[in-house]
Amino acid sequence: MIPVHVYDTKPYDRQYLQAAAPADKVTWHFHDFRLTVDSALAAQHAPVVCIFVNDRADRPTLARLHAAGVRLLALRCAGFNNVDLAAARELGISVVRVPAYSPHAVAEHTIALLLTLNRRIHQAYQRVREHNFSLNGLVGFDVCGRTVGVVGTGRIGRITAQLFRGFESKVLAYDPMPAPEWAAQHGVTYTRFDELLAASDIVTLHLPLTPETHHLLDAGTIGRMKPGAFLINTSRGKLIDTAALIAALKARHLGGVALDVYEEEEGIFFEDLSGEVLQDDELSRLLTFPNVLITSHQAFLTHEALSEIARVTTENILRHESGGVFLPGTML
Ligand code: NAD
């Protein structure tokens, strides 16, 4: 039996992981709390630790895990900006991830956010429930014929671009590693980043968070977006400078903002804080704008994605223990 300490788990994580792992091979130790340097102590005498997007595997935390006997860090997500990979390498801790669980889940949530925000579905739902059948203030625009700028055309960005092409939108794309054949096949046009910002009615982010992409959208780049444009971020919160975003919203430069991720979401997203005083002033301010829609990092949350995350995570753990080769694309 392989003991695995699983941090930051919710009932849906537990359900899918338990269903994926053979009961005689893996013992899951589920924790509600996130991995930090302090909570690393919970992983005593376990060779494997499993984490998610808001757990923090920095150098001191990894050193503590290593001292406790951990040799494999299994990420049940694609992004790995929360792991100090150099430190893991030095300590001899293997790091694996789930590179693609359901790009459709995230792409479809991106479309859901855009349509909800644009057609004011969230406001209309509340109004009708209160027997307010007025349409005042609910005017949206046709997505057909609009220009959509897709930043990052990897797995999720490509599906998002294709879905927007289904709406008969004009799709521009920016990626330092373009895929010209795919673009030609789907009627997508690659442009420079600045051109995409200036021309797009909707800008949607589908790139990883790295030191180079941190605050990719700041006062300068947001300022170069078309006045009245919509911005959607389902990738990572720190791609956007929140203070600059709030300033642009206050100046009415942006028409709408839909976020599934937030710069300081750690410790807030995934938690029920409904009875508490929200301490994050920037998130509180964002929530006051009528043209801002926020979901709590739920773009991945479909049956298909959770099944695939659990399947690949379990497979990675079993292969590590048997000394086998990891699944392609999973090892970092
Ligand atoms: P991917 O690796 O398949 O594609 C990322 C693309 O971004 C690549 O083509 C890469 O060349 C491009 N890129 C890198 N730097 C860039 C830059 N400066 N400008 C433009 N493009 C750049 O990744 P993916 O599977 O499509 O995922 C994209 C991101 O979505 C992930 O990094 C992750 O942060 C996020 N994500 C969010 C959720 C969620 O639930 N909200 C779930 C899964 C993934």
Side-chain angles (χ1 to χ4, degrees), residues 8 10 12-13 51-55 75-83 85 97-114 148-163 171-183 186 188 190-197 200 203-218 220-221 224 231-240 258-263 265-266 268-270 293-306 308-309 312-313 328-332:
D8 201 11
K10 299 289 180 257
Y12 44 84
D13 298 307
I51 64 170
F52 197 46
V53 293
N54 288 329
D55 292 293
L75 277 63
R76 46 185 207 282
C77 53
F80 49 89
N81 51 282
N82 52 337
V83 180
L85 288 179
R97 63 170 178 154
V98 185
Y101 31 92
S102 172
H104 292 275
V106 183
E108 289 173 16
H109 192 74
T110 303
I111 303 291
L113 285 174
L114 186 266
V148 180
V150 176
V151 185
T153 52
R155 284 170 283 246
I156 296 169
R158 287 188 207 186
I159 294 169
T160 306
Q162 289 165 218
L163 292 175
V171 176
L172 303 178
Y174 169 71
D175 194 308
M177 307 272 285
E181 278 180 26
W182 163 81
H186 293 282
V188 172
Y190 278 105
T191 62
R192 290 189 300 109
F193 183 50
D194 268 13
E195 270 177 56
L196 178 151
L197 291 179
S200 298
V203 172
T204 181
L205 306 181
H206 301 288
L207 67 159
L209 175 66
T210 63
E212 294 74 45
T213 63
H214 182 261
H215 285 186
L216 181 76
L217 272 288
D218 60 9
T221 45
R224 290 200 279 286
L231 176 61
I232 315 168
N233 187 7
T234 55
S235 280
R236 283 292 180 270
K238 289 186 199 304
L239 293 172
I240 301 181
L259 306 174
D260 186 53
V261 287
Y262 166 62
E263 197 166 3
E265 68 180 55
E266 211 179 297
I268 300 177
F269 282 14
F270 309 133
L293 178 65
I294 302 179
T295 52
S296 177
H297 208 138
Q298 74 171 78
F300 73 101
L301 200 67
T302 65
H303 167 71
E304 289 77 5
L306 288 169
E308 188 61 5
I309 288 170
V312 175
T313 301
T330 59
M331 180 142 195
L332 292 170

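Just follow the structure's listing: the first ligand is 1, and inside any ligand the first atom is 1.
Judged by distance alone, the side chains of His297 and Glu265 do bring a donor and an acceptor atom under 3.5 Å apart.
Summary of contacts: the protein heavy atom closest to atom 29 (C) of ligand 1 is Ser235 OG, 3.6 Å.
Atoms of ligand 1 found under 4.0 Å from any heavy atom of Tyr101 (numbered from 1 in listed order, with element): 42 (C), 43 (C). Residue Gly152 has at least one heavy-atom neighbour below 4.0 Å for each of these atoms of ligand 1: 7 (O), 20 (C), 21 (N). Interface of His297 with ligand 1, defined as ligand atoms under 4.0 Å from a residue heavy atom, comprises 39 (C), 40 (O), 41 (N). Residue Val151 has at least one heavy-atom neighbour below 4.0 Å for each of these atoms of ligand 1: 20 (C). The Tyr174 neighbourhood of ligand 1 comprises atoms 19 (N), 20 (C), 21 (N), with distances under 4.0 Å to a heavy atom of that residue. Each of the atoms 39 (C), 40 (O), 41 (N) of ligand 1 lies under 4.0 Å from some heavy atom of Asp260. Near Thr213, meaning under 4.0 Å from one of its heavy atoms, ligand 1 places the atoms 18 (N). With ligand atoms numbered from 1 in the order given, ligand 1 contributes 11 (O) to contacts under 4.0 Å with heavy atoms of Met177.
The aromatic rings of Phe300 and Phe270 sit perpendicular to each other, their planes meeting at more than 60°, with 30° as the lower class boundary.
The backbone N or O of Leu197 lies less than 3.5 Å from no partner atom in the side chain of Asp194, so there is not a single donor-acceptor pair.
In His206, the part holding a heavy atom less than 4.0 Å from any atom of ligand 1 is the backbone. Contact annotation: for Ala78 versus ligand 1, there are no heavy atoms closer than 4.0 Å. If you look at Val106 next to ligand 1, the close heavy atoms, those under 4.0 Å, all belong to the side chain.
Using a 4.0 Å cutoff on heavy atoms, Gly79 does not count as a contact of ligand 1. Every heavy atom of Ala100 sits 4.0 Å or more from the atoms of ligand 1.
Proximity annotation for atom 38 (C) of ligand 1: of Thr234, Thr210, Thr153, Thr234 comes nearest, heavy atoms only. For atom 12 (C) of ligand 1, the candidate residues are Asn81, Leu207, Asp175; the nearest heavy-atom contact is made by Asp175. Taking each of Pro176, Gly154, Gly157 in turn, the one with a heavy atom nearest to atom 16 (C) of ligand 1 proves to be Pro176.
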